[in-house]
Structure formats: structure tokens, C-alpha cells
Amino acid sequence: MDDDPEKRSITAPETDHEEHQVSDAGRTHGGQVTRAKMLTTLIICFCNLINFMDRYCLPGILPMVIADLKLSNFQGGLLQSAFVVSYVVVAPIVGYLGDRYSRRAIMGCGLLVWSIVTMAGSFMTTFETLLIFRCLGGIGEASYSAIGPAVIGDLYIGDTRSKMLALFYFTTLIGGGLGFITGSGMAAATSSWNWGLRVTPILSMVSVLLIAFVMRDPPRGLSEGSRLVSTSWQKDIVYLLKNPSLMLSTIASIAVTFTVGAIAAWGPQYVFLGRQILNDNSLSFDDISLVFGIVTIASGLLGVVSGSIMGQKLRIRFPSADAIICGIGMICSAPFFYALLVLSLGSIYAIYVLAFLALWFINLNWALVGDILLYVIIPTRRATAAAFQILVCHIFGDASSPFIVGLISDALKPTIESDSETFRNFKSLEYGLFVILFVEVLGGFFFLACSWFLVSDRAKATRAVAVSIPDQSVLYDKSKASQVHVFVPANDPATSGHTVMIKRSSQIMDEVNLETV
């Protein structure tokens, strides 16, 4: 190293694909899985599991609720979508606080409030009061959904981070499947749909205790050794809006959640109505909900795991592979959903197979989308980015699709000529579900468009983190005071081992102007 005090040069140590090391204070091993890290990750995954159990226990009992409260399809869909009301209010606040204050305290308080209101809602016996408490259901997800992946991003990097994100998003699908099973199962066992809503609040209280006494909140950017500092909320939002990869992947993710929300809310009901038209009384709605739950879990397990593995393997040679896998998966899923709708009066086994294949293709993207967000966004803005992404996905995706499908179904029902009420319900719901096909294909193309910007956006985030690390890899001299050279790990797909140049600035580190050389 040159002893000239005007020149500073520290070389970043070589790293393998699983581990990132930072010298001096702040050294961390982002690829090492310790007991404390794993416990924190599992607690976050458990919170995600019970949230989606609560979300999808309602579709498992929806016919009972509709019959008992004498609701229309639109009202039934509205109950499933109501959580977005509180989510819209709470999520931006949590995103802002999650980038600045104790994430463990935010998660614990939010889930405690959610447990209370969810349990209280299970005792409601009118549509209006049930709707009010379902509107408050978004508090739980808002409390952890943006913070959880950000914490995982601060604990791990590289392939280890991808694997942990796959585990997190796998619990989304496991939770949805278990929601069908526990909701319909408890309702059948107690002959009351209210009991179908009481399992998750109890489990949520357990998660609050785990957060309070077991979970750890790592420093932001720990895995990367980042020293970036938080900025104003306005600057955070401007930064996010100017990130093409985030914006395009978010728009595409709206299509994902729109499709999954519609199928989860109306899929069992649609299949059940088809069986009634065929006078097939061998399967009850509870039986169909149970199988739908199993199909959801199985397709989720294989989809998330296979998508994550494909991303880890292919991104080494093709840095934009994550977005391409997501786009192709979405486009390939649409024909199977179409076949499910047009062949819904055929073999029940064929319906289940088509549902599995359609969900498998769409489930390829869950972990990959989360990974994209973490590596194109700097650590101090990840909670805000996740809150923003999940918020718009809920508003325009799974919160909208159930009642949009229900609204279309109710609007078209009078136009269907048939003496059979069951047949008119079936066909109108079928027409309503056809909208998801167009949404899926459109989402696939947005994912493919995201792949055009992925490499450059990842490189910008990598450089911003690198220049913020004291004694990491910085080189400048008095003859070229306007230039700072930053050396990043050779295995980073965003840089391929090349030196990058950053123009020096009087601004704080995460706002420097970036230029590749």
C-alpha cells in the first residue's frame, strides 16, 4: 500500500460465492448461518405463515359465510379484500419507521394489535361488523411484510440470502394452503364458520412472544458491511421511483398477486359449482377446499424452491436471469389457467392437475422478486421499498381481484339464459375469472422488460454500498480528486470483477453520482 497520506487504498479480500467479508470494524460473514440468525429467520417466516393462514381461511368458509349472512358474490369478495384498508394506512408508516427505528418493536406491537382485532372479528355475526374487523386485518401484514425481508437481507448475502428468501416466500404459499385447510376444517368440526377465523389469532400471540424474547434485529446493511445512513422520506421515494427494476418488477408483481388472489378467493367455489351442475355429490365444498389447500402447498413448495434454484444457477452466467424466469413463468401459467376454466366440467383430477401446473409456473417468481428488490435497493431504503411494493401489489392485486371478479360475475349473471340458478352462478363466475388470463400475460411482459435494467440497477446499488464501507476498497489521489475507484468482490454478477469509478461528492454517501468505467 502507498504510504502517501493523500492516497488511500485498501483491497477487498477475496470471497467465495456464499460469503462476503468486510475488514476492520463491521466485519461480518453474510453467508454464515448461525443459530441466532436462523432463529430470527424462522420467526419472520412464522409471522408470514400465520398472516397468510388468516388471509385464506376465509375462502375456505366463504360459502358458509355467504349463506349465513345472505351475501352477494361482490360482498363475499369484499370481505376477502377488506384488509387493504388498514394496510394502506399502516404500511407506509411501517416502511418509514422500519428504515430508522427498532424493527423488532414495530413487528411485536403490530402483531399484538392484529391478534386482538382478528380474534374480536371472529365473534361478529353481521356483514357490516365483520367487514369492519376484516378491514383491520392489514395491520398484521403491514407490521412485518416490509421489515421481514429487509432483516433477512441484513443477515445474509449471495446464495444464502436467496435460500432464506425462498423459505420466507414458501411460507406465503404454505400459509395460504393451511388457511384453506384450517378454516374449512374448524368450521366443519364446530358447525360454525366463526371458529374457522380463531386459529390464527392464537398463533399470532405466540409469534409476539418469540419476537419479544428470541428475535434479534441486526444493524442495517450488516451482511454487506454498509455504513449508509437514512435520508428523508421524500428522498427515499424519489430514489425508488427512479429505479426501473423496482418499478417494473412491482407492476409485474401486481399481476401475480391479482391472479393468486382471484384463484384463492373463488377457485374452490368455482369447482364446487361445476360439480353441482354435474350432479356430482361425492365432493363437498370442504373436500374441495382441502384439496385446493394441498395443491397450493405442493405447487408452492416446488415452485418457490425450483424458481430459487434456477435463479441461483442461471444468474452466474446470465445476470438478468431472475426477471426472465419470472416473466416466462407468468406467460406459461396462463394457458393452464385457461384450460382449467374451459375444462372445469370434466374430470376432477384433470382440474387439480391443471391447477397445480398453473400455480407452479406462477410460484416460480416469489423468492426471485424478493431477491431483486434486495440487490437493486440500498440497505437503508429496503423496508420503504418493500412496503411500497407490497402496498401497490395489494391495492391493485389480491385486494382488488376478489371483488373485481365478484363484481363482473354479478354484472353478467342476469345476461345468462338458464333456468338453473347454479348454472348461472357457475357461468358468471367463469366469465369473471377469465380476466386473470390477460393480467397474467401482461405481467409476464413487464417482468421481461425488467430484465433490461436489472444489471445496471444492481451495479448502482452495489457501488453505493461499497463506497460507504470504511477501509473496504477505496482508492483516490490528489491528482484526480474528482474520482474514487471502488473494488468490489469478483464474484458479484453486477460488476463481474471490474473496477468501477464513483465521482466524489459533498453529498452523503448514498447519493453519490455513479459512473461505470
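Positions are given from 1 along the sequence.
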Please check if the side chain of [X] supplies one atom and the backbone of [Y] the other of a donor-acceptor pair under 3.5 Å.
X      : Y      : answer
Ser245 : Phe453 : yes
Thr40  : Arg216 : yes
Asp99  : Thr384 : yes
Thr41  : Lys37  : yes
Arg381 : Pro379 : no
Arg134 : Ala82  : no
Asn243 : Leu246 : yes

| request: Would you mind listing every salt bridge (charged side-chain N to carboxylate O under 4.0 Å, His left out) that reaches into residues 321-330, with sequence neighbours excluded? | output: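 Listed once each, the pairs are Arg315-Asp322.
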| message | Is there a side-chain contact (heavy atoms from CB on, under 4.5 Å) between Phe396 and Ile251? Walk through the geometry before answering. | response | CA-CA 9 Å; Phe396 301 107; Ile251 295 172; over 6 Å; no
Specify the closest pair of heavy atoms between [X] and [Y], including all atoms of both residues, with the distance to one decimal.
X      : Y      : answer
Ala367 : Val304 : CB-CG1, 4.3 Å
Gly110 : Ile139 : O-CG2, 3.7 Å
Leu241 : Met247 : O-CG, 3.7 Å
Ser143 : Leu111 : OG-N, 4.0 Å
Leu165 : Gly370 : CD1-C, 3.8 Å
Ser86  : Gly138 : OG-N, 2.9 Å

| query | In terms of ring plane angle, is the pair His394 and Tyr87 parallel, tilted or perpendicular, where the classes change at 30° and 60°? | reply |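 Perpendicular.
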| task | Specify whether Tyr169 and Trp366 have parallel, tilted or perpendicular ring planes, treating 30° as the upper limit for parallel and 60° as the lower limit for perpendicular. | result |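 Geometry flag for Trp366 against Tyr169: parallel rings.
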Inter-residue atom distance [X].[atom1] - [Y].[atom2], 0.5 Å rounding:
X      : Y      : atom1 : atom2 : result
Ile395 : Leu391 : CD1   : CG    : 4.0 Å
Ile436 : Thr259 : CD1   : OG1   : 5.5 Å
Lys413 : Thr415 : NZ    : OG1   : 11.5 Å
Asp410 : Leu407 : CG    : CG    : 7.0 Å
Ser400 : Phe403 : OG    : CZ    : 5.0 Å
Lys427 : Leu412 : NZ    : CG    : 11.5 Å

Could you give the side-chain donor-acceptor pairs of residues 44-67 under 3.5 Å, partners two or more places apart or in another chain?
unit_1 : atom_1 : unit_2 : atom_2 : d
Asn48  : OD1    : Tyr144 : OH     : 2.7
Asn48  : ND2    : Phe168 : O      : 2.9
Asn48  : ND2    : Thr171 : OG1    : 3.0
Asn48  : ND2    : Thr172 : OG1    : 2.7
Asn51  : ND2    : Glu141 : OE1    : 3.4
Asn51  : ND2    : Tyr144 : OH     : 3.2
Asp54  : OD1    : Thr200 : OG1    : 3.0
Arg55  : NH1    : Asp398 : OD2    : 2.8
Arg55  : NH2    : Glu141 : OE1    : 2.0

Quick one: does [X]'s side chain get under 4.5 Å of [Y]'s, heavy atoms only?
X      : Y      : answer
Tyr352 : Val291 : yes
Ile416 : Phe423 : yes
Ser253 : Thr257 : no
Thr296 : Phe356 : no
Phe292 : Ile263 : yes
Gln276 : Asn281 : no
Leu373 : Pro149 : no
Phe446 : Ser249 : no

| Passes side-chain contact (heavy atoms from CB on, under 4.5 Å), Arg275 versus Ile351? Steps please. | CA-CA 11 Å; Arg275 295 302 98 185; Ile351 293 173; 3.8 Å; yes
| task | Kindly determine whether Glu430 and Ser344 satisfy side-chain contact (heavy atoms from CB on, under 4.5 Å), including the steps that lead there. | result | CA-CA 9 Å; Glu430 179 181 87; Ser344 55; 3.9 Å; yes
Donor + acceptor pair across side chains of [X], [Y] (<3.5 Å):
X      : Y      : result
Ser115 : Ser204 : yes
Ser409 : Tyr431 : no
Ser122 : Arg198 : yes

Which atom pairs, one a donor and one an acceptor, fall under 3.5 Å between side chains of residues 326-337 and the rest of the protein, sequence neighbours left out?
unit_1 : atom_1 : unit_2 : atom_2 : d
Ser333 : OG     : Ala358 : O      : 2.7
Ser333 : OG     : Glu440 : OE2    : 2.7

| query | Got a sec: does the CZ of Phe434 have more than 12 other heavy atoms crowding it under 6.0 Å? | reply |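 Yes, because the 6.0 Å sphere around CZ of Phe434 holds more than 12 heavy atoms from other groups.
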| From CA spacing to verdict: side-chain hydrogen bond (donor to acceptor under 3.5 Å, both in side chains), Ser162, Asp159 | CA-CA 5 Å; Ser162 297; Asp159 286 352; 4.8 Å; no
| query | Could you go step by step and tell me if Leu130 and Leu197 meet the side-chain contact (heavy atoms from CB on, under 4.5 Å) rule? | reply | CA-CA 11 Å; Leu130 179 60; Leu197 301 176; 4.3 Å; yes
| query | Does the distance from a Lys or Arg side-chain N to an Asp or Glu carboxylate O, for Asp154 and Arg103, drop under 4.0 Å? | reply |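 Looking at Arg103 together with Asp154, the answer is yes, because their closest N to O distance falls below 4.0 Å.
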